[in-house]
Student: 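Here it is, the structure, as structure tokens.
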2 protein chains.
Amino acid sequence: MASKSTSNDLAARKPNLREAILCAAEELFATNGFNAVSVRDIAQAAGANPGSVTYHFKTKDGLLLEIYNRHCGPMNRRRSELLAAARRVRDLQDRLEAIVRAYVLPAFSSGSDLAGGGARFTRLRAVMSAEGNEVARRIIAQTFDDTSHAFIDAIHESLPHIPRTEIVWRSHFLLGALYYTLVTPERVSRLSRGGADGADAGNAIEQLVRASVASFQAPPLDPPAPSRRRSMAQSKT
Amino acid sequence: MASKSTSNDLAARKPNLREAILCAAEELFATNGFNAVSVRDIAQAAGANPGSVTYHFKTKDGLLLEIYNRHCGPMNRRRSELLAAARRVRDLQDRLEAIVRAYVLPAFSSGSDLAGGGARFTRLRAVMSAEGNEVARRIIAQTFDDTSHAFIDAIHESLPHIPRTEIVWRSHFLLGALYYTLVTPERVSRLSRGGADGADAGNAIEQLVRASVASFQAPPLDPPAPSRRRSMAQSKT
DNA sequence: TTCTAATTTGTACGAATGTACAAAACTTTC
DNA sequence: GAAAGTTTTGTACATTCGTACAAATTAGAA
């Protein structure tokens, strides 16, 4: 048996068990969290033996680490490309929207970037940050802060009258909204009584971009400049 | 139990172990998630024996359930009061802000409402929703949806030109931002390079209210009224 | 006091966990 | 072909888990 693979679906299905394990782990971690998923669960979902997980990734932490290493590069690269393009938009209002879209889009993309897609990985990050996972915390601060700063700077450039600190707050809110939408999309469907599908990525992106752009444009809380004495700053809009 | 209140301060007279267990569990669940915390961890933090947890709450799920039952009532009652007051604000713009504040404030309150405070419980809910906890999911949909609908309706009243579905989206984003701020406040401090303290509840509330109000006021994506000329019918249910 | 019920402790058990490791099976190279 | 390497399997071990339960302790009423 098992002559050279002429056209064997089964053999072609899992030419690489290592990949299958990674994929299964990503799916399970993203939906159930790190602690609730056992190595045996992952192995079973991947059609593999528990020992194979240990062989390829040494420990459970090592498996999570590899998932991050697999995704961080491509996702941040994609974001950088989109951000660079957005920066070239002339109109400030349009540029802001393009920047926000450049931030949101790769997080929702499903299947284009890398095997598995960005939405699942983003959801994984959301769940890991909620669980306070040690491994994830270390990698994120190390890998994503550069990207975050680049976006914050770009947004600040298109909204120079708003203090950087407030832009940090609002981009934080944006990320929280993004995470939450990926974690519990069914809540949107439920509360809108079927008027919207929370799992519809395209619609979610548009709604999130629209809301976030407006939030960035809100007048600042703190006085924008240290020595500008322009008393009453009544709400203009 | 059922003893007539001869010495009514049964709770204060002795360090009530049941209360200590509840408090310790709330703290540990909120910071580490449900699955990562063992009954023994809770017992040790409360200075109790593992068996006591079983005695008072039967199971680990029962313990979580009791935490929810303890908090849901007071928090939703407080929100209803604040919402009722906000609804009486005349100016539509001010009213919207008051409504949003009525939603956000109880979630951040620390120690006023009930033993432990709302911020910890809100963080707990955030972590549970990320973990996809079954017990939490059931209670939340059952207990919080009424409150959510009340707020959505109130916001819709002050922004009648925006479709209800979009208000649902934006209130969903608000809740996500709120959750994320309570889960990882240190990220704000880090990204703002010390310019802001993410754990400063007062500032967080003001920033969140400001950003959310603007997001609610953003022009809608979908045409608000069907009076527009009918091109291709969208997938309208 | 003494009786009774409520609480706390200590311990134990079966199941599930992460991981180590040797044998088996498969690939690649000679 | 055989030899050497890599991958997969099966199993086993030491912990830790949630929870049950009887004994010990405590509180309240007689």
Student: Atom CD of A:Gln44 and atom C1' of D:dT9: how far apart are they, to the nearest Å?
Tutor: 15 Å

Student: Just how far, in rounded Å, is P of D:dT7 from CG of A:Leu22?
Tutor: 14 Å

Student: Figure out the CG/P separation between B:Asn35 and C:dT17, and round it to whole Å.
Tutor: 11 Å

Student: I'd like a list of close polar pairs between nucleotides 9-13 of chain C and the protein, N/O only, cut-off under 3.5 Å.
Tutor:
residue	atom	partner	partner atom	Å
C:dT9	OP2	B:Asn49	N	3.3
C:dG10	OP2	B:Asn49	ND2	3.4
C:dG10	N7	B:Asn49	OD1	3.2

Student: Verify the contact: side-chain N or O of A:Ser38 to OP1 or OP2 of C:dT17, cut-off strictly under 4.0 Å; return yes or no.
Tutor: yes

Student: Using whole Å, report how far CD1 of B:Ile21 lies from P of D:dT19.
Tutor: 14 Å

Student: Which nucleotide wins on minimum distance to the side chain of B:Thr54, given the candidates C:dG18, D:dA20, C:dA20?
Tutor: D:dA20

Student: Is the phosphate of C:dG18, meaning OP1 or OP2, less than 4.0 Å from a side-chain N or O of A:Thr59?
Tutor: no

Student: Is it true that B:Arg101 and B:Glu206 make a salt bridge, defined as a side-chain N closer than 4.0 Å to a carboxylate O?
Tutor: yes

Student: Rounded off to whole Å, could you give me the CG-to-C1' distance for the A:Leu64 and C:dG18 pair?
Tutor: 15 Å

Student: Could you state the CG-C1' distance from A:Asn16 to D:dT6, rounded to the nearest angstrom?
Tutor: 13 Å

Student: Does a side chain donor of either B:Asp145 or B:Ser148 reach within less than 3.5 Å of an acceptor in the other side chain?
Tutor: no

Student: Rounded to whole angstroms, how far apart are NE2 on B:His56 and C1' on C:dT7?
Tutor: 6 Å

Student: Is atom CD of B:Gln44 surrounded by more than 12 heavy atoms (other residues, nucleotides or ligands) closer than 6.0 Å?
Tutor: no

Student: Would you sort out whether A:Arg77 and A:Glu81 count as a salt bridge (Lys or Arg N to Asp or Glu O under 4.0 Å), showing the intermediate values?
Tutor: CA-CA 6 Å; A:Arg77 213 171 304 131; A:Glu81 292 168 9; over 6 Å; no

Student: Hey, what do you get for CG (A:Leu208) to OH (A:Tyr103), rounding to the nearest 0.5 Å?
Tutor: 10.0 Å

Student: Quickly work out the B:Phe57 CZ to C:dT7 C1' distance and round it to whole Å.
Tutor: 13 Å

Student: Might you work through the salt bridge (Lys or Arg N to Asp or Glu O under 4.0 Å) test for A:Glu19 and A:Arg70, ending with a clear yes or no?
Tutor: CA-CA 11 Å; A:Glu19 215 66 34; A:Arg70 173 64 56 104; 2.4 Å; yes

Student: Using only heavy-atom distances, determine whether the side chains of B:His71 and B:Glu26 contain a donor-acceptor pair under 3.5 Å.
Tutor: yes

